[in-house]
Each structure stands twice: as structure tokens, then as C-alpha cells.
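Here is the structure we will look at.
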Amino acid sequence: IKYAQDAGSASTGVQLHLFDPSAAEGSGSPFTMTSDGTTNWASGVVFSQAVPLSAYGTYTYYFTTSDGSLTARLPVSGSRSGPVVSHAPVIAWSGASGYTIDGVEPNAGALGATFTFKLKYSQTEGQTPTSVQLHLFDATSAEVAGSPFTMTSDGTTTWTTGVVFSSAIPRSSLGTSSYSFTASTGSQSARLPISGKKSGPKVDHGPLLVWTGATGYTADGVEPDVSAGGSFTFKVKYSDADGNMARTVKLFLTDPTGA
């Protein structure tokens with residue numbers, strides 16, 4: 001606050017009267033404030049006071065001063081609202097299927113696949129976030145182009161119990177990525193994980209199926225191509241540039257009726 005007196009009279013003291021969210025005057029109030037060390041009383045001297053606050057909610061306050069004969073009050077009557085002491089926001093895994101222990105699905109995919117990242121944001125007093133972001137890093141730990149990505153809410157407004165945010169990102173570089181989330185209310189922030197990064201997703205070349213190249217299988221996958229009946233042998237060659245073993249290889253067969 002700035003104190004000034006036209007005749008240049010010094011202040012005998014500037015005090016801060018502070019009231020907690022229950023409207024009770026706080027411990028130590030009124031606080032005697034400290035000047036900035038200047039003495040230009042006619043043009044103004046700034047006084048300040050740092051006060052730690054521990055109770056959640058909205059505080060109120062006013063200032064008083066005197067030059068030894070006259071007093072002043074700001075505001076002239078009543079009190080000023082603020083500051084608001086609130087809980088920090090919380091971000092957590094969304095809890096949906098595939099998102100109970102991490103924030104991405106699928107956990108692995110081929111080059112060019114799109115991966116969906118999700119988190120749940122909440123704040124005890126119901127404050128809306130000013131930002132919710134995904135920080136994504138490639139296999140070399142370099143932040144990818146466009147990161148951090150601004151995430152999109154699910155459209156609900158249940159801020160106290162949680163709102164899910166998501167971002168769908170296509171990946172075009174090989175290897176295992178890593179990521180973290182941040183959220184802010186403008187005055188307080190949260191991070192998931194609290195430190196470091198979460199590993200995933202893994203991006204690889206993906207499997208490849210081709211004709212085997214053996215006799216009778218250079219242009220298709222069955223031999224013989226025509227027969228009066230009997231047994232037909234189907235073949236296909238599987239490969240994966242990353243050396244991943246095939247979990248399943250299936251043949252889908254339709255009869256002449258299309259069934």
C-alpha cells in the first residue's frame with residue numbers, strides 16, 4: 001500500500017487488518033507493515049507485509065495509518081475481499097479401461113498409429129484449469145514437435161469430482177516415447193507423474209504379411225488354385241522388422257456364396 005501526506009508528515013505506522021475465511025481476525029493482526037525505506041512522504045512511501053496463510057477459503061482485509069494527529073483507512077469502510085487460499089489441483093489417471101495405471105492407449109503401435117492420452121483433473125474448490133497439457137518426448141528424450149499439446153476436456157464441468165482431458169497424437173518415429181502431464185489454475189499447478197516421465201507408447205514397424213514366393217505361392221496364398229475338390233493349402237509369410245514374434249496369424253475364408 002502507498003502512504004502519502006501533503007505536508008510531508010511521516011506515518012506513525014501503517015497496519016494491515018486481516019480476517020480469515022470465518023471472518024475472525026487472524027492471529028497477529030493487525031500487522032505493522034514495513035516501508036520501502038524512502039522518506040518522500042508527500043509523494044508517497046510504499047509499505048508491505050508478507051503473511052503466511054494456512055486456512056482454505058477467502059480472506060478479507062483493510063489498512064489503517066496515522067500521521068500522529070489524523071488517521072486514514074483503506075477502504076474507507078468495510079473490507080476488501082482476498083486473497084483466496086485454495087487447494088492445489090490434482091491430476092490422475094482417468095481410471096477408464098486402458099487408463100488405470102498410465103495415461104495412453106494403446107501402449108504400442110505401428111508407425112503412423114494414433115495414440116490417445118487421457119488424464120482426470122479435479123480441484124477441491126471447483127476451480128477450472130487455465131491449462132492442461134501433454135508433454136511428449138521421443139525415444140531420444142527430445143520433446144516432439146508441437147509439444148506441449150493443449151488437451152481437450154470431455155465437456156463436463158464437474159471440477160470438484162473430476163473432468164477427463166484427452167489428446168490424440170499420431171506418432172511417426174520409432175522407439176519408446178515418454179510423457180508427462182501438467183495442469184494449472186493460474187496460481188497453482190500439478191504434474192503427473194510428480195517427477196520424471198512415464199514410459200510409452202512404443203512405436204515399431206509393425207508386422208508384414210506377403211506371399212511366400214514358393215512354387216504356386218508367388219502371386220497368391222493358396223495351392224492348387226482350381227480343383228474338383230479335396231484339400232487346399234494356404235500359406236503366407238510373416239515378418240517384423242523389430243523381431244517381434246507373431247501372436248496370431250489367421251486365415252479368413254469365405255465360400256462361393258460370400259458366407
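Bear in mind that the values here come from a model prediction, so they are computed numbers and not experimental data.
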* Taking it one step at a time, do Gln5 and Ser11 satisfy side chain to side chain donor-acceptor pair (under 3.5 Å)? -> CA-CA 8 Å; Gln5 205 280 335; Ser11 170; over 6 Å; no
* Ser173 and Arg171: side chain to side chain donor-acceptor pair (under 3.5 Å), yes or no, with the steps? -> CA-CA 6 Å; Ser173 62; Arg171 297 294 298 122; 2.9 Å; yes
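Within a 6.0 Å sphere centred on CG of Asp6, heavy atoms belonging to other residues, nucleotides or ligands number 12 at most. Counting non-hydrogen atoms of other residues, nucleotides and ligands closer than 6.0 Å to NZ of Lys197 gives a total above 12. The local environment of CD1 in Ile101 is sparse, with at most 12 non-hydrogen atoms from other residues, nucleotides or ligands closer than 6.0 Å.
A cation-pi contact, defined as under 6.0 Å to the ring centre and within 45° of the axis, is absent between Lys2 and Phe47.
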Would you list the atom pairs, donor with acceptor, under 3.5 Å between side chains in residues 246-257 and any protein atom, with sequence neighbours excluded?
{"unit_1": "Asp255", "atom_1": "OD1", "unit_2": "Thr257", "atom_2": "N", "d": "2.9"}
{"unit_1": "Asp255", "atom_1": "OD1", "unit_2": "Thr257", "atom_2": "OG1", "d": "2.5"}
{"unit_1": "Asp255", "atom_1": "OD1", "unit_2": "Gly258", "atom_2": "N", "d": "3.2"}
{"unit_1": "Asp255", "atom_1": "OD1", "unit_2": "Ala259", "atom_2": "N", "d": "3.1"}
{"unit_1": "Asp255", "atom_1": "OD2", "unit_2": "Thr257", "atom_2": "OG1", "d": "3.4"}
{"unit_1": "Thr257", "atom_1": "OG1", "unit_2": "Ala259", "atom_2": "N", "d": "3.4"}

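The closest side-chain heavy-atom distance from His135 to Thr182 is below 4.5 Å. Gln127 is not listed as a side-chain neighbour of Pro89, based on a closest heavy-atom distance of 4.5 Å or more. With a 4.5 Å cut-off on side-chain heavy atoms, Thr176 and Ser199 count as touching. Annotation: side chain of Ile194 is not in contact with side chain of Arg191 (no heavy-atom distance under 4.5 Å). No side-chain heavy atom of Thr58 sits under 4.5 Å from any side-chain heavy atom of Pro21.
At least one donor-acceptor pair closer than 3.5 Å links the side chain of Thr12 to the backbone N or O of Ser66.
His87 and Glu125 are linked by a side-chain donor-acceptor pair at a separation below 3.5 angstrom, with hydrogens and angles left out of the test. In this model, no donor atom of one side chain and acceptor atom of the other lie less than 3.5 Å apart for Thr65 and Gln15. No donor-acceptor contact under 3.5 angstrom links the side chains of Thr71 and Arg73, judged on distance only.
Membership of an apolar cluster is not assigned to Val226, as no side-chain contact below 4.5 Å to another ILVMFWY residue is traced. If you chain together ILVMFWY residues whose side-chain heavy atoms come under 4.5 Å of each other, Tyr99 ends up in a group of its own. Through side-chain heavy atoms spaced under 4.5 Å, either directly or across other Ile, Leu, Val, Met, Phe, Trp or Tyr residues, Phe115 is tied to Ile91, Trp93, Val104, Leu111, Phe117, Leu119, Tyr121, Val132, Leu134, Leu136, Val144, Phe149, Met151, Trp159, Val163, Phe165, Ile169, Leu174, Tyr179, Phe181, Leu192, Val203.
Take Ser69 and apply the side-chain hydrogen bond (donor to acceptor under 3.5 Å, both in side chains) test, not counting sequence neighbours, and it matches Asp67. Applying the side chain to side chain contact (heavy atoms under 4.5 Å, CB included) criterion to Pro83, with sequence neighbours excluded, gives Leu53, Tyr59.
From Phe137, atom CZ reaches atom OG of Ser177 across 10.5 Å, with rounding to the nearest 0.5 Å.
No continuous path of ILVMFWY side-chain contacts below 4.5 Å connects Val222 to Val210, so the two sit in separate hydrophobic clusters.
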